[in-house]
Each structure stands twice: as structure tokens, then as C-alpha cells.
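Note sheet for the following structure.
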Amino acid sequence: MLDLRFIRENPEFVKAALVKLNTTARIDEILAGDIERRELLSKVENLRAERNAVSKEIGRMQDAATRDQRIAAMRQVGEQIEGIEKRLAEVEINLQQRLLEVPNMPHPAVPVGQNDSENRIVRTVGEIPKFDFPIRPHWEIGEQLGIIDFERGTKLSGSRFYVLYGLGARLERALINWMLEVHIQQGYQEVWVPFMVKAESMVGTGNLPKFGENLYHDAEEDYWFIPTAEVPMTNLYRDEILEPGKLPIYHVAYTPCFRREKMSAGKDVRGIKRGHQFDKVEMVKFVEPQYGDQELSSLLDDAEEIARQLKLPYRIVEMCTGDLSFVAARKFDIEVWGAGSGEWLEVSSCSLFTDFQARRANIRYRPEPGARPEYVYTLNGSGLALPRVVISILENYQQPDGTVRIPDVLQPFMGVDKIGG
RNA sequence: GGAGGGGUCGCAUAGCUCGGUCUAGUGCGCCCGUCUCGAAAACGGGUAGGGUAACACCCUCGUGGGUUCAAAUCCCACCCCCUCCGCCA
């Protein structure tokens, strides 16, 4: 959520940004609502002040006649207040809803562009491997090695679900453990969080009200399944004021992630690239505003470390304005190479949200003892999303004899140096 | 799911029976001052968040409604915590 005062004072700037973001929001409606709200507020506050003062007098009053007269007068004032309050509530609800629909403003460094075709490739790291034998996609490798079972996954849960066996399951677990270890070494505190949250938490991170169609939720109770650990981790400090010295806070968590993906039915149906449930290790940061930029680059570096140590070829892509997510001011993706399908696979998004989420979730900090609270800056980045890392390992590390070599850093966690054979 | 108890200004508590004297008392913690060579103690003062140009005024005593001229206090619904029972990995 943007600061209403910022919109009021810079409406043209906000509108220009929306054009760059290739989106729309009802700014004029917000401006009108803001004016009406402030008018109504000052009226109703004056009336309330009068009623408060006179009511206090009534309590001390001896003379019955004037007392009754005042009570009658205040009854009228009360009716006026009620009328204005009713209108005010409507105006405020509308204003709040419009405000929640306005995306974050892009960072000045973000390249301007219409859509993902204008994203900027920042750098490419590692060599794309060459093979002197016919290479196969991961779904063939996985089935042939007996470590991925699509049929039974579908039997259990429907399309886009699968089962891992043996060293396939172990690879998944090894990756989770190893990734957590790496990030803990980098200074992140591990947390374990609920996988279902209240709607309020989803609003805090920006998933609701706009993107509810991508989420699973319980029909009877107010439980929403997290699409990423970012949601519970960011909401840890919702409605809190962090005292001086608490920042920066770095957290890392492993969670499963649940996504409806209904927008992309028919796309990426083969293999494990896009499922309704997947594992992810995620980092979040809470920092003071002046460190936003440097914290974003170190976050990206911390996430890249995973791809580097796995020796997977990867590239960094910066989102242009037209491809920026609703809440992000700036965002870099990490994409690893999938040799079998010959494509880059998105395994991480590292984003700076400035104070956008913090304002929604009401997460503040006190810069100095006794100082007024300010909104924190939040950041998050995947480190990394599991299934696509598994794809990249299976496809890049496949051998002519049909086996798959295990990356060096994972061997202690796997207990073997290859799958199959 | 059932029965009972409870959610108050950082922490601990008072207030709710009988609505106005609550601009929410007290203790602890913290900050400032007096005293002191300095400190402790003692004493005095201050100590939430939001709206706002504002130490004016308004809002917030779990949340949301209601009654009333006036609600921490009365009524209704919901949420959370504790104790006991039931169920359960």
C-alpha cells in the first residue's frame, strides 16, 4: 500500500508510474475520497468534541431544567454525528479498497518496458554443458531411474502431482537441508511457520484482495494455504513496533507452497516444472530504509550462492516495469539452465518491497529510543525453489549410461555420488 | 465440541456490583531533574499508538455491533488465552 499522503501530494507522478507498470488504478477516485473523508472527519470531530464536553457538564449539573435541555440538544448532535459517521464509513471503506489496489512504485533504476520481452539480462554465469550423447528431459530420466512417478501422483491427487521414491525423495530432502545450512551460514535465522494463515496475513503481503484466485483456502474456516513462506515470515511482525537495535532481521524457512495455477492450465504440463504443491526455501529481510538497495544485492548474492555451489549454469534477469509484480519496487529473477528441455528455469525471485508490505501489514521500527515509529523495508528471495533445481540437476548431470551424478556439495547429504547404475 | 475463568496505557495489577469524580489509579521497569566528588537511596517530574501544522481536538481499555446526553463499566455476536471434560496423531 502506498502512503495516502504521497498520492495526494504527487498524483501525476503516481499516474505516470502506473503507465510504466502497464497497469491501472483508480487514482482520481482515491483523491476525491481523500478530500471527502477529510471534510467529513473534521465535521464529525468538532461535533464529537462538543458532545464530549457537554456530556461531561451534564454529569455535574444540578438544575434539572437546563439539564434536560442539554440532553435534548445533545441528542440532536448525536443524530448528526451518526449521519456523518455512516457516510464516513462508506467513504473510508471505498478509499481503503481503492488504495489496496494500487501497486508499488518502481525503483528509479528499473528499466522501463511493456512486458517480459523487455526484461534485462544482467549476467550469465557458468557454461552451458555440451553432451556427446542424446540427452533426455527430466521426466524420462526420473521415470527410467524409478525416482519420479507421475501416474500414481495423478491417481492420488490429480494432474500436476507426482511421487518421489528412493534417491529422488532423498534428493529433495538433501536439497532442503543443504540450502537451509547455506543460508544459516550466511546469517539467516531459521524459522518454522504455519502453512495455513488467516486472510489478514494474505492482505499484509499483498496476496489478497487482488490475487485470491491463485490461492487455495478452506471453505468453512478462515484458513488460506500459503503460496510461499514469504507470507507467514513477513507477517511474523505484523502490527508490531521493533525496538532500536532489532534490525536488520534475516529469516529463512523451508515450507511447501500451494498454488492454484489455474491461469496456466495446459502450459508446462509435462514433468515437475509447475505443480500445485512444491517445496521452497525462502529468505526474508526486515531492514531500515536506507539499506534497501544494498540489502537487495546481498540477498540476490545469497540466493545465487546455491546455484553457484551446485555448479548449475544460471542467469540473472531484472524485471522491467511492465513485468514487475504488484508489491515489488525492484525484482531480480534467477534462472537455471535445463539441458533436457533447453530452456531457462525460474528458480528464484529476489525483490525489494520498500515500505509497501510494511504499510499493509503495519510493521514498524523505532529508529532511536523514544523516536516516532517508521515503516520498515521488507525484502524476500527464494533460495531456491526445489522442483526446478531438481530438473536442472537431473538434466545437466545426466550421464551416457543413464545415471545422474550428484553435485559435490550434496553428496554428504545424499550418502551416494550418483543415482542409478 | 462441552463447562468454568480471563483479555485494561512496556510488565504486573486496580477499576466493571451502583455508567458521569477514569483527562484509566498503583507497583515495577525506563527517561529527565534535585541532592552527591560520583553513584546508590530518597524526592520531584515524565514515560503508548494513530489522525493532524498542532503539547488544541478526535479515535483506540481483545474485535465488531447496540443502548445512552454520556460506556473500560450495561446488552449482543465473534476472536484469543487459561483450567477441567470429551475426541485425537
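Chain letters run A, B, ... following the sequence lines, proteins first and then strands; every chain starts at 1. This structure is a prediction, so every number in the text was calculated from the model and none was measured.
Base-pair partner of B:C18: not found among the strands shown (Watson-Crick or G-U wobble, both distances under 3.5 Å). The nucleotide B:U36 finds no pairing partner, because no Watson-Crick or G-U wobble arrangement with both distances shorter than 3.5 Å includes it. B:G25 is paired with B:U13 under the Watson-Crick or G-U wobble criterion, all donor-acceptor distances under 3.5 Å. Searching all strands for a Watson-Crick or G-U wobble partner of B:G4 with both distances below 3.5 Å returns B:C82. Pair check for B:C30 finds B:G46; Watson-Crick or G-U wobble, both atom distances under 3.5 Å.
Here, B:G49 and B:C61 have their C1' atoms 13 Å apart, quoted to the whole Å. Comparing the P positions of B:G20 and B:C74 gives an interatomic distance of 11 Å, to the nearest angstrom. Separating the P atom of B:C16 from that of B:U23 is a span of 15 Å, rounded to the nearest Å. B:C85 and B:G66: their P atoms are spaced 41 Å apart (whole Å). Straight-line distance between the C1' atoms of B:C55 and B:G51: roughly 16 Å, to the nearest whole Å. The gap from the C1' atom of B:C9 to that of B:A14 amounts to 13 Å, rounded to the nearest Å. B:U73 sits 14 Å from B:U21 when the P atoms are compared, rounded to a whole Å.
Applying the salt bridge (Lys or Arg N to Asp or Glu O under 4.0 Å) rule to A:E190 yields no partners; only residues at least two apart in sequence or on another chain are considered.
Taking atom CG on A:D239 and atom P on B:C80, their separation rounds to 16 Å, with Å as the unit. One interatomic measurement links the two molecules: CD of A:Q80 to C1' of B:C69, which rounds to 14 Å at whole-angstrom precision. The nearest whole Å value for the distance from the NZ atom in A:K246 to the P atom in B:G10 is 16 Å. Rounded to an integer number of Å, the gap from CD of A:E57 to C1' of B:U23 is 16 Å. Regarding A:E92, its CD atom lies at a distance of 13 Å from the P atom of B:G51, rounded to whole Å. Per the geometry, CD belonging to A:E368 stands 15 Å off P belonging to B:C31, to the nearest Å. In this structure, CE of A:M61 is placed 15 Å from P of B:U21, rounded to the nearest angstrom. Between the CG atom of A:N362 and the P atom of B:G51 there is a distance of 10 Å, given to the nearest Å.
Relative orientation of the A:Y250 and A:Y188 rings is tilted, given thresholds of 30° and 60° on the angle between their planes.
Just one of A:I226, A:V191, A:T205, A:V284 meets the side chain to side chain contact (heavy atoms under 4.5 Å, CB included) condition when paired with A:P232; it is A:I226.
Under 4.0 Å is where a charged nitrogen must lie from a carboxylate oxygen, and between A:E240 and A:K246 no such pair does. By the 4.0 Å N-to-carboxylate-O rule, A:D222 lies too far from A:K198 to be salt-bridged with it.
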Under 3.5 Å, which N/O atoms of the protein pair with N/O atoms of nucleotides 87-89 of chain B?
none

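Under a 3.5 Å cut-off, the side chain of A:S157 and the backbone N or O of A:T154 do not form any donor-acceptor pair.
A cation-pi geometry, defined here as NZ or CZ lying under 6.0 Å from the six-membered ring centre and within 45° of its normal, does not hold between A:R259 and A:Y216. Cation-pi geometry between A:R405 and A:Y397 is not met at under 6.0 angstrom from the ring centre and within 45 degrees of the axis.
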List the protein contact pattern of nucleotides 52-68 of chain B with one symbol per nucleotide (5' to 3'): B for base contact, S for sugar-phosphate-only contact, - for none; contact means a heavy-atom distance under 4.0 Å. B----SBS---------
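Both A:A371 and A:R70 sit near RNA chain B, but only A:A371 has its closest nucleotide nearer the 5' end. Across the interface with RNA chain B, nearest-nucleotide mapping of A:R366 and A:I58 shows A:R366 to be the residue nearer the 5′ end.
Counted by atom type alone, A:E318 and A:N119 present zero donor-acceptor pairs between their side chains at under 3.5 Å.
Using a 4.5 Å cut-off on side-chain heavy atoms (C-beta onward), A:E343 and A:K273 make contact.
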Passes ring pair (Phe, Tyr, Trp, His ring centres under 6.0 Å), A:F286 versus A:Y237? Steps please. CA-CA 9 Å; A:F286 303 84; A:Y237 303 104; 5.0 Å; yes
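Using a 4.0 Å heavy-atom cutoff across all strands shown, A:R60 reaches no nucleic acid atom at all.
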